[in-house]
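What you see below is based on every heavy atom in this structure, not just the backbone, and it leaves out hydrogens, waters and symmetry mates. Naming convention: chains lettered A, B, ... in sequence-line order (proteins, then strands); numbering from 1 in each chain.
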There are 2 protein chains.
Amino acid sequence: MVGDCVAELAKLPDASVDLVFADPPYNLQLEGALTRPDQSLVDAVDDDWDKFASFEAYDHFTRAWLLSCRRVMKPNATLWVIGSYHNIFRVGAILQDLGFWILNDVVWRKANPMPNFRGRRFTNAHETMIWATKGPDAKGYTFHYDALKAGNEDLQVRSDWYLPLCTGGERLKDGDGKKLHPTQKPEALLARIMMSSSNPGDVVLDPFFGSGTTGAVARRFGRSFIGVERERAYADAALARIAAVEPLPADALLAPPEKRSEPRIPFMSVVEAGLLAPGAVLCDERRRFEAVVRADGSLAMGKLIGSIHKMGALAQGLPACNGWTFWHTASKAGLEPIDALRKTLRATMPAA
Amino acid sequence: MVGDCVAELAKLPDASVDLVFADPPYNLQLEGALTRPDQSLVDAVDDDWDKFASFEAYDHFTRAWLLSCRRVMKPNATLWVIGSYHNIFRVGAILQDLGFWILNDVVWRKANPMPNFRGRRFTNAHETMIWATKGPDAKGYTFHYDALKAGNEDLQVRSDWYLPLCTGGERLKDGDGKKLHPTQKPEALLARIMMSSSNPGDVVLDPFFGSGTTGAVARRFGRSFIGVERERAYADAALARIAAVEPLPADALLAPPEKRSEPRIPFMSVVEAGLLAPGAVLCDERRRFEAVVRADGSLAMGKLIGSIHKMGALAQGLPACNGWTFWHTASKAGLEPIDALRKTLRATMPAA
DNA sequence: TTAGCAAATGAATCTGCCA
DNA sequence: ATGGCAGATTCATTTGCTA
C-alpha cells in the first residue's frame with residue numbers, strides 16, 4: 001500500500017496480523033556536513049521524512065503508528081521495532097505506556113559499522129531492536145526456541161546478534177548506481193526475526209516498507225506480508241525486488257548457523273581480566289627492550305606511550321610489529337609471550 | 001553518604017562533579033517466583049527498593065534523581081546510566097527531555113549471562129548504558145580517544161563491550177556466604193568507564209552506591225568519589241571494601257596526552273628555529289606538487305601564497321588539508337613529513 | 001584471467017581556539 | 001555570540017581499475 005501508514009492501516013481489519021516489523025524514522029538531528037579524514041563527504045540521512053520539529057512531535061508520531069499497529073495485531077502477535085539511541089528510548093517508553101509488554105531488547109552488532117571520524121565518541125557499532133507483545137497476558141506468542149537453539153550449536157540464542165550491513169549486490173541501486181534507500185536493512189536481520197517469531201503462512205506487517213526487505217524475506221520464507229510506504233518510488237522498487245525472489249521449498253526454512261571466526265582480544269581485556277597488573281614490566285625475547293603495562297591497556301617505554309604493536313615496532317625501529325608475540329612476561333619458569341595470556345582469555349570467552 | 005540520593009545530593013554545591021555513574025533500580029516486574037528447570041529457586045531482584053507502583057512513579061523518581069545529578073555536574077561533566085529493557089527506555093527518554101545530550105549508548109555484552117530458564121525468550125545477555133553530556137554545547141567533555149585506541153589493537157573502541165559478570169572473589173558476600181547485593185557490577189566495567197571519560201583527581205559521583213564498585217575503582221585509579229546509598233548495610237560493606245583497595249601508582253594512570261591537546265606550533269617557529277631555511281622546497285608524498293618555504297612561515301606555489309594547510313588543500317583541490325602531514329622534505333634518506341620537524345621542536349620545548 | 005592496488009561507502013546527533 | 005582558521009580524524013568491505 002502506498003500512503004501514510006496510519007491512514008493505510010485504518011483500512012485493515014482488527015486483529016489480522018501475526019507479526020509487525022517496524023523501522024521508523026530515527027529522528028537524527030544532524031547539523032552541518034561531516035567529512036572523512038580524506039575530506040570526502042559522508043552521505044548523511046537528510047531526507048524530509050526524518051525531520052521532526054521536536055521530541056514532542058516525534059512522540060506524537062510514534063504513538064499514532066504504534067496504536068495503529070496495535071489495533072491490527074492478533075492477540076498473540078508480536079511487534080519488532082528497530083532504532084538507534086536517537087529514538088529508541090522514546091519508542092520503548094511509549095510502547096510501555098501503550099500497554100505493550102517487552103519480551104527482549106535485541107542488539108544488532110554491526111560487523112562493519114561506519115567509524116567515528118572525529119574521534120570524539122565510541123564507534124556507534126550497533127542498533128537496538130525491541131520485541132514486544134500486546135500485553136503481559138499474551139503468553140501464546142510464537143517463539144521457535146528449540147529450532148533456534150538447534151541452529152546455534154545447541155546454545156540458547158542471545159540478545160546480541162552479529163551481522164554485516166546491507167552492502168554489495170543486496171543493496172538496491174537507482175539508475176545512477178547510487179543507493180536507492182538510505183537505510184536498507186540486511187535480509188539476514190529480517191530472516192532471524194521471522195524465523196524466530198513467526199510461522200509459514202503468517203501475515204507480516206511492515207508500516208515503513210522502504211526498499212521492501214521485509215517483503216523479500218517474507219516471500220522467501222513462505223510468509224504473507226503487508227507493506228505500507230509513503231514514497232511511490234520506494235514502493236515500486238520494492239515490488240520489483242520482491243517479484244524476483246524465489247520462495248524456498250517448505251522443508252528448508254531454518255537457516256544454518258553462521259560460522260564464527262576467532263574473537264579479537266584487545267590487550268586492554270588482558271589487563272582488565274587481571275592476567276597482567278598495571279605496572280607490570282614486559283620485555284622482548286632477548287631482554288633488549290622493556291616496557292611498562294598501563295591501566296588503559298597501553299604500553300610505556302619511558303615517556304613514549306602506545307599500543308603493544310606500536311611500541312614493539314618503535315623498539316625495533318620497524319614499521320610494524322605483532323605485539324602479542326614480541327612482548328614477554330618474565331617468571332621463574334622463564335620468558336613467556338603475552339600471546340599465551342590471550343589464549344588463556346580466549347578459552348574463557350566462548351562467544352566473543 | 002547514607003540516605004536518599006535526592007536529599008543527600010542537595011547538600012553538594014553546584015557544578016562540583018566531573019563524572020556521574022548511576023545504576024538505578026531497574027523496576028523489574030516479576031510475577032511470582034522464577035524456577036530453574038531443576039525446580040531450584042532463582043534468587044531474583046525483589047528487594048523493596050526495586051518496587052514501584054507504576055511507570056508514572058518510576059518516571060517521577062527518575063526525573064528527580066537526574067535533576068539532582070544535573071545540578072551538581074560541571075558544565076563539561078558526563079553521566080553514565082546503566083539499565084535493562086525494563087527501565088532504560090524510560091530513563092533515556094527522560095534524559096533527553098531534561099536536555100541531556102546522548103553521546104553513545106554502549107552495550108555491555110555479558111560473557112556469562114543467566115540463561116532464560118523458561119525457553120520463551122532470547123537469553124537476556126546484555127545491559128545498556130547511556131553516556132551523555134549536560135547538553136549539545138558541552139563539547140569539552142573528557143574522552144581519552146588515543147589511549148583507548150592504543151589499548152584496543154589500534155582500533156577505535158566500539159559501542160559494544162564484552163565483559164564477564166561480577167562473580168567469584170570479586171563478589172561481596174554477607175555473613176552467610178550469600179551475595180551481599182543483587183546487582184553488583186564488575187569492576188572491569190567501571191574501569192573502562194573511568195579510564196575513558198575521566199582523569200586522575202576527578203570527582204566521580206555514584207548516586208546509587210550499593211556495594212561500592214564505583215568507589216573501589218575510583219580509589220584504585222586515583223579518582224575521588226562521592227557515593228550515596230540508602231541502606232546502611234550496603235554503605236558499611238562498601239566502605240570496608242574500598243579501604244582494602246590498593247591505589248595504583250600514578251605513572252600507570254596518566255593518560256598519554258591526546259594529540260589534539262598538544263601545544264600548537266606555528267609553522268613559522270620551525271623556520272625561526274632553523275629546522276627549515278627560507279627558500280627550501282617541500283613536496284607531497286608522491287612528488288606531484290612542490291612549494292617553497294618563505295621567511296614568514298608561509299608557502300608559495302608559483303604566485304600563490306598561503307599557510308601550509310591552505311596550500312596543501314589548494315594543491316589537491318580539497319576543502320581542507322593538514323599541511324603537517326601533507327608536505328615533506330627531501331633528503332638522501334628519502335621523504336620525511338614536516339610533522340617530524342614539529343615533533344623535534346616540541347621535544348625541545350619545556351613541558352607544559 | 002588474475003593479482004594487486006586504489007577508491008568508494010555505510011542511519012553520524014563527530015573540533016577547538018582565538019580574535 | 002560569531003567568524004575565521006589551524007589542524008586532527010576511519011574500519012570493514014566491496015567495487016573497479018591497472019598491470
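Taking atom CG on A/Asp38 and atom C1' on D/dC11, their separation rounds to 13 Å, with Å as the unit. A/Leu41 places its CG atom 12 Å from the P atom of C/dA12, with the value rounded to the nearest Å.
The phosphate of C/dG10 has neither OP1 nor OP2 within less than 4.0 Å of any side-chain N or O from A/Thr167. Residue B/Arg342 places at least one side-chain N or O under 4.0 Å from the OP1 or OP2 atom of D/dA8. Checking the phosphate oxygens (OP1, OP2) of D/dT10, a side-chain nitrogen or oxygen of B/Lys149 falls inside 4.0 Å. Here A/Lys110 does not reach the OP1 or OP2 of D/dA12: none of its side-chain N or O atoms lies under 4.0 Å away. A close approach under 4.0 Å does occur between a side-chain nitrogen or oxygen of B/His309 and OP1 or OP2 of D/dG7. Phosphate contact (OP1/OP2 of C/dT13, side-chain N/O of A/Asn124, threshold under 4.0 Å): present. For the pair B/Asn322 and D/dA8, the criterion of a side-chain N or O lying under 4.0 Å from OP1 or OP2 is met. At the phosphate of C/dG16, OP1 or OP2 sits under 4.0 Å from a side-chain N or O atom of A/Arg120. Taking only side-chain nitrogens and oxygens, B/Lys259 never comes nearer than 4.0 Å to OP1 or OP2 of D/dA8. Checking the phosphate oxygens (OP1, OP2) of C/dG16, no side-chain nitrogen or oxygen of B/Tyr141 falls inside 4.0 Å.
With hydrogens and angles left out, the side chain of A/Arg118 and the base of D/dT10 share no donor-acceptor pair within 3.5 Å. Side-chain atoms of B/Gln156 stay outside donor-acceptor range of the base of D/dT9, with no qualifying N/O pair under 3.5 Å.
Positionally, the nearest nucleotide of DNA chain D for A/Thr35 lies more toward the 5' end than for the other of A/Thr35 and A/Ala111. Of the two residues near DNA chain D, B/Gly323 and A/Pro113, the one whose nearest nucleotide lies more 5' is B/Gly323. Each of A/Arg121 and A/Cys166 was matched to the nucleotide of DNA chain C holding its nearest heavy atom; the match closer to the 5' end belongs to A/Cys166.
More than 90° away from 0 lies the glycosidic angle of D/dT14, which makes this nucleotide anti.
Nucleic acid contact for B/Ser307: sugar-phosphate only, since backbone atoms but no base atoms lie under 4.0 Å from a heavy atom of the residue. Looking at heavy-atom distances under 4.0 Å, A/Gly32 makes contact with a base. If you check every strand for non-hydrogen atoms under 4.0 Å, B/Asp154 touches sugar and phosphate atoms only.
A side-chain donor-acceptor contact under 3.5 Å links A/His309 and B/Glu153. A side-chain N or O of A/Ser307 and one of B/Asp154 form a donor-acceptor pair less than 3.5 Å apart.
The salt bridge (Lys or Arg N to Asp or Glu O under 4.0 Å) search around B/Arg158 returns B/Asp160, not counting sequence neighbours.
Because its NZ or CZ atom is both nearer than 6.0 Å to the ring centre of A/Phe55 and within 45° of the ring axis, A/Arg90 counts as a cation-pi partner of that residue.
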Which pairs of donor and acceptor atoms, one on a side chain in residues 313-326 of chain B, lie under 3.5 Å apart (sequence neighbours left out)?
residue	atom	partner	partner atom	Å
B/Gln316	NE2	B/Gly312	O	3.2
B/Asn322	OD1	B/Trp324	N	2.9
B/Thr325	OG1	B/Asn322	O	3.2

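To the nearest whole angstrom, the two C1' atoms, one in C/dG10 and one in D/dT10, are 12 Å apart.
In this structure, A/Phe117 forms no aromatic stack with the base of C/dC14, since the conditions of centre separation below 5.5 Å and plane angle below 30° are not both met.
When ring centroids are compared, B/Trp161 and A/Phe122 come within the 6.0 Å threshold.
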